[in-house]
S.K.: 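Have a look at this one.
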Amino acid sequence: IPIRSLDFLKKHGLMPLVRKRDGRFTLFVKLVAFLFGDGHLSKNMGSIKLLGQRDDLKELQADLSLFYGLRSNLTFQQAGSIIRKITSGRVVEKSVFGSCWCLSINHSPLARLAALAGAPVGNKVSGSTTIPWWVMKGDKEIKRTFLGTLFGNELQCPVVRAKAAFSSPQFGLHKIEGKIDNLEKFLIQIKILLQEFGITSSPIAVEAGKTLRMNGTFSRKLYFSIDSHTPNIFRLFKEIPFIYAREKQERFEGAVKVFEKRLTPLREEWALYEKVIELHKEGIGRRKIFKKLTLPKAYFYKINAWLLYGK
């Protein structure tokens, strides 16, 4: 069995495991990243399960067949549970019911290689999580692929929340209280990778309250947000496209297109703002500026805010 396993990995370019730019290695990076998000690698390292949207998993299923010649099983699952939150010393129970598609890959050689490469094994909430060194020290394509797959699983999709602003997409995970320090280090690793693409983010925060688990332990959520100023969100869009998350990527593209349509009037307003500031520096008062530029009535109050309050 070990010899057949090694023969399979050698045949498909995964043994020895060397960083290279080809479809087989790129797919392996995606699988490892998926296991940090909505994936599960069994404790006996005999199988991998990945959860998501049907079309995304069918795409992944096709990639597994193309690059590794592997069969996988796609099924629809439904489940319910009770979440117990502890907030201000009070227990609040909430019943949840959800459904998703599950892609099962019953292939020990691939699962064991993923584990050896640093993918989390078993329950991620109670186990330690660290981004593998070969991702942290890899080239930008490895980092882009890893983040794109993980964010496709876990990052909130940015939306246009106002005339001239995006929302701040949040990235967060849960850990048992004894592993909070480990989770903080993991999130710091994600933030370091983002910085390499010029993407800034907020400090790490702890969600109020904690969750009571079935075994009596408590878990907490740590998270950070991608800074919402437009250049930063545009860099996220350009540099880290969501992988195996087509619907989310299309929503992000739609938000960017909506915002781009608003850029022309925003540019015009910015040019007007600069003209107002220039005239004011020449000693002209706001009333005279308003008349000189023959602006609509609403701009009288805008000019007032620009000059008096620096808005």
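The figures that follow rest on heavy atoms only: side chains count, while hydrogens, waters and symmetry mates do not. Remember, it's a predicted structure, so these values are computed and weren't measured experimentally.
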S.K.: Output yes when K257 and E260 qualify as a salt bridge under the 4.0 Å nitrogen-oxygen rule, no when they do not.
M.R.: no
S.K.: Taking all non-hydrogen atoms of both residues into account, name the closest pair between A115 and V121 and its distance.
M.R.: CB-CG2, 3.7 Å
S.K.: Going by atom types only, do K185 and T130 share a side-chain donor-acceptor pair under 3.5 Å?
M.R.: no
S.K.: What is the distance from atom CZ of R84 to atom CD of E93, rounded to the nearest 0.5 Å?
M.R.: 4.5 Å
S.K.: Working to the nearest 0.5 Å, report the span between CZ of F197 and CG of L236.
M.R.: 10.5 Å
S.K.: Salt bridge check, E184 against K191: does any charged N sit closer than 4.0 Å to a carboxylate O?
M.R.: no
S.K.: Cut-off 3.5 Å, side chains only: do N304 and Y299 have a donor facing an acceptor?
M.R.: no
S.K.: Quiz question: by atom type and distance under 3.5 Å, do the side chains of K175 and T129 form a donor-acceptor pair?
M.R.: yes
S.K.: Any carboxylate oxygen within less than 4.0 angstrom of a Lys/Arg side-chain nitrogen, looking at R21 and E141?
M.R.: no
S.K.: Are any of the side-chain nitrogens in K143 or E196 under 4.0 Å away from the carboxylate oxygens of its partner?
M.R.: yes
S.K.: Do Q170 and K221 pair up side chain to side chain, a donor and an acceptor below 3.5 Å, judged on atom types alone?
M.R.: yes
S.K.: More than 12 foreign heavy atoms under 6.0 Å from CZ of R287: is that the case here?
M.R.: no
S.K.: Whether the K30 and T149 side chains hold a donor-acceptor pair (N or O, under 3.5 Å, no angle test) is what I'd like checked.
M.R.: no
